[in-house]
Protein chains: 2
Amino acid sequence: MENANYTALTPETLSTRLVALPAVTERLGTDAESWQVKEVGDGNLNLVFIVQSDQGSIIVKQALPYVRLVGDSWPLPLYRAYFEYHALTRQAARDPGTVPEIYHFDEDQALIVMEFLSPHVILRSKLIAGEKVDDLGAFCGKYCARTAFRGSELSMTSADKKADVGLFAGNVEIPAITEGLVFTDPYFEAELNNHTPELEPVINELRNNIELKRMAQVMLTKFASNTETMVHGDLHSGSIMATQSEIRVIDPEFAQYAPLGFDIGMLTANYLMAYFSQPAHRGTDLEAYQDWILSVITECWSSFEAEFRHLWNTERTGMLFPKSLFEDQGHSSETACDGVLADIWQDALRFCGIEMHRRCLSLAHNADFETIEDTTVRAPLEARNLQMGAELVLKTDTLKDAKALIALARTFNARNIL
Amino acid sequence: MENANYTALTPETLSTRLVALPAVTERLGTDAESWQVKEVGDGNLNLVFIVQSDQGSIIVKQALPYVRLVGDSWPLPLYRAYFEYHALTRQAARDPGTVPEIYHFDEDQALIVMEFLSPHVILRSKLIAGEKVDDLGAFCGKYCARTAFRGSELSMTSADKKADVGLFAGNVEIPAITEGLVFTDPYFEAELNNHTPELEPVINELRNNIELKRMAQVMLTKFASNTETMVHGDLHSGSIMATQSEIRVIDPEFAQYAPLGFDIGMLTANYLMAYFSQPAHRGTDLEAYQDWILSVITECWSSFEAEFRHLWNTERTGMLFPKSLFEDQGHSSETACDGVLADIWQDALRFCGIEMHRRCLSLAHNADFETIEDTTVRAPLEARNLQMGAELVLKTDTLKDAKALIALARTFNARNIL
């Protein structure tokens with residue numbers, strides 16, 4: 001993972017540097033001078049270019065040696081492209097068709113050439129714009145179940161899984177971002193934090209709740225030490241691209257081994273934040289659109305559970321909960337599956353609550369709330385989100401299923417906190 | 001980790017092969033022909049030699065490419081010597097003076113030259129012979145607390161800990177032994193199993209208990225996926241050598257990253273098995289000696305807890321439960337420490353119960369019971385042990401502390417099961 005010859009691409013140098021790659025010329029032709037190069041960025045971390053010719057189009061994604069959002073005062077290793085590449089190939093195998101196709105990977109340049117998704121747009125933009133996506137919940141639930149199950153020792157051989165844990169253990173700085181920004185920074189005055197000023201009283205309440213901080217650290221311990229499966233690691237509505245009927249999951253450079261419930265928990269949080277932010281984005285269609293978002297959450301969880309149970313019964317070939325102890329002895333393994341799902345649910349709710357906090361309190365906020373310019377409108381909506389987050393972390397046991405979760409969201413959505 | 005030039009030592013070739021090593025000649029002198037070489041074995045896996053001269057003595061331990069207990073039908077990688085070496089150096093740093101000193105390590109020959117402990121003998125032999133060891137519980141509790149705490153992200157930097165998790169993830173076949181023999185084989189008719197014939201009815205009860213098998217697999221999931229700290233991995237009374245007043249922990253080739261409560265749970269099981277086996281080994285001193293074993297368990301736990309709390313307050317420099325969230329805000333972290341200790345206790349009890357099962361049902365039994373030749377004497381004692389094991393796995397919540405654990409042991413010790 002040396003990058004001695006690394007040079008960051010520019011729109012000017014890109015064509016010259018990529019025209020030698022068959023993976024590129026196959027799709028764009030060899031007339032590099034005619035290529036149109038557009039730098040689009042991807043938010044917080046990388047260089048991203050769309051390169052188009054008469055013949056086709058590609059995405060070129062290159063890691064930068066620092067956090068783009070912060071600048072070169074926060075260095076970040078180029079090797080994250082290596083982990084993104086490995087994550088994408090595993091996800092493609094575990095849930096085919098859900099991630100962009102990779103055309104070329106250059107470890108030295110920390111560069112991935114991949115499928116240009118068009119006319120897909122980032123799901124978060126759609127949620128802010130009030131657009132629906134067909135079968136969104138079912139897609140997400142199935143994706144989370146398949147990648148979780150097939151990346152765990154319920155399915156993989158232990159030797160393969162341990163080798164993969166060893167490989168991803170090399171990814172230190174990227175998980176460190178999550179460890180700090182998600183689990184710890186929200187609960188004290190960390191240097192890079194920022195929040196809507198009107199939220200002060202709500203934030204003080206959270207930071208004075210010792211049990212909440214304790215549980216956030218219990219979940220950090222699980223996130224950092226529990227290698228149950230390979231997770232996407234940053235699954236939110238900004239990591240999903242969609243048309244009205246087609247969906248893909250992108251940007252798994254935060255991939256690591258982590259608890260089975262991590263991805264679906266983080267994703268649920270981002271749907272809940274979309275839900276809570278809607279009063280500032282919608283008009284007369286508010287109630288209908290909020291209902292739709294909640295239906296996505298319900299559908300996501302029911303599809304997750306159904307798919308996980310299906311895989312449990314058809315692909316349980318790893319060392320965990322082996323048939324020799326259950327089916328082969330004439331004993332049902334259903335309660336065992338129930339137990340695994342119950343643990344996933346509980347972990348997911350807690351990760352969900354913590355994600356709802358950090359997106360309003362820590363460094364990287366989300367557009368759902370950030371695009372609400374009037375802070376007197378934004379703050380009360382964020383406050384609902386923050387208080388529900390605390391409830392998810394602290395009263396997990398009282399929430400038995402997605403129906404209870406949805407009911408709770410409706411309760412908080414009706415509260416006037418600030 | 002290639003071993004192209006590996007050749008197993010013999011008592012005849014040993015002197016010639018080791019006389020070139022300064023680490024050896026420093027201690028034994030250079031007159032190799034006068035050295036006395038005695039092969040002593042170490043039970044299940046390796047070649048072990050005591051080499052003595054007029055000037056001193058050393059232990060030479062060499063891995064064999066198969067499981068010694070089973071033969072070359074069960075190959076086992078030589079790289080376990082590499083992990084034993086790395087484990088010993090970490091343990092020596094985390095609890096100085098508790099492990100044998102290493103004089104020389106040869107990765108290619110899978111060979112470690114180390115301190116010869118004399119007149120130490122294996123603790124298990126002492127427990128069978130009815131001998132006491134001063135401060136045994138305090139030593140074990142402190143050792144478990146220090147290695148657990150200082151090997152975790154409560155203390156280590158995340159970068160160091162992740163690098164170490166990556167290193168130990170290369171150890172696949174050794175954890176696989178534990179995964180199979182400890183967590184799964186006891187609960188079905190695995191090929192290599194053996195048990196005292198009279199136990200059949202008790203065993204059938206265990207194997208028909210779906211909840212017990214489910215919990216064993218939940219604990220296997222934790223063992224295989226939870227990298228909280230570097231554990232010894234095989235901490236039983238056969239891995240401890242002692243005089244009446246001096247104690248050392250040996251043989252950490254099963255070291256891996258695993259839950260904080262694993263070592264102390266396994267060790268507690270081995271004290272309980274020593275306790276249950278005593279009626280076959282003692283005469284009039286039975287009650288007094290059994291009381292002493294129970295006092296070792298109590299002392300082990302109280303010393304573990306005291307040391308863990310001490311380290312929590314003085315060495316909590318890792319990313320978990322940082323002072324920024326607690327002490328720096330004027331908030332006590334005591335309930336957080338209580339919570340971590342409660343989780344360790346609960347995990348440990350369950351690991352303990354499972355270890356009590358596997359040592360009577362799976363491949364590698366222990367001498368506490370195995371040396372009882374009359375099976376009609378042995379079986380009822382093993383039955384007490386097996387049934388208490390199930391209670392520890394299934395009724396963990398009802399046992400609040402070591403006092404409750406000891407009371408439970410006394411109850412089972414009084415039961416006539418077969």
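The sequence lines fix the lettering, A, B, ..., with proteins before strands; numbering per chain opens at 1.
The candidate from A/Ala163, A/Pro322, A/Ser158, A/Gly339 with the greatest count of non-hydrogen atom pairs under 4.5 Å with chain B is A/Pro322. Among B/Val165, B/Asn208, B/Asp343, B/Val340, the residue making the largest number of heavy-atom pairs under 4.5 Å with chain A is B/Asn208.
Annotation: A/Lys395, atom NZ; neighbour count of heavy atoms from other residues, nucleotides and ligands within 6.0 Å does not exceed 12. Crowding of B/Glu315 atom CD: a count of heavy atoms from other residues, nucleotides or ligands under 6.0 Å exceeding 12. Atom CD of B/Glu334 is surrounded by 12 or fewer heavy atoms from other residues, nucleotides or ligands within 6.0 Å.
With respect to the salt-bridge test (charged N to carboxylate O, under 4.0 angstrom), the residues B/Lys222 and A/Glu153 do not qualify. Taking 4.0 Å as the cut-off between side-chain N and carboxylate O, A/Glu327 and B/Lys213 do not count as a salt-bridged pair.
In this structure the side chain of B/Thr184 never reaches within 4.5 angstrom of the side chain of A/Met319, judged on heavy atoms. Considering only heavy atoms from C-beta on, A/Tyr257 stays 4.5 Å or farther from B/Thr227 through its side chain.
With a 4.5 Å cut-off on non-hydrogen atoms, B/Pro175 touches chain A through its side chain but not through its backbone. Of the atoms belonging to B/Ala224, heavy atoms from both backbone and side chain fall under 4.5 Å from chain A. For chain B, the nearby parts of A/Val218 are the backbone and the side chain; heavy atoms of each come within less than 4.5 Å. Interface remark: A/Ser332 contributes backbone atoms only to the contact with chain B (heavy atom separation under 4.5 Å). Contacts between A/Ala159 and chain B at a heavy-atom distance below 4.5 Å involve backbone atoms as well as side-chain atoms. With a threshold of 4.5 angstrom between heavy atoms, B/Ser333 does not approach chain A through any atom at all.
The distance from atom CZ of A/Phe223 to atom CG of B/Leu320, rounded to the nearest 0.5 Å, is 12.0 Å. Distance CG/A/Asp185 to OG/B/Ser324: 8.0 Å, rounded to 0.5 Å. A distance of 15.0 Å separates CZ of A/Arg214 from NE2 of B/His331, quoted to the nearest 0.5 Å. The structure places CG of A/Leu325 at 6.5 Å from CZ of B/Phe188, a figure rounded to the nearest 0.5 Å.
The minimum heavy-atom distance between B/Asn171 and A/Lys162, with the atom names listed, is O-CD, 4.1 Å. Residues B/Phe321 and A/Gln217 share a closest heavy-atom pair of N-OE1, 2.8 Å.
Checked by atom type and distance alone, the side chain of A/Ser225 never pairs as donor or acceptor with a backbone atom of B/Asn226 at under 3.5 Å. A donor-acceptor distance shorter than 3.5 angstrom exists from the side chain of B/Gln329 to the backbone of A/Tyr187, with no hydrogens or angles considered.
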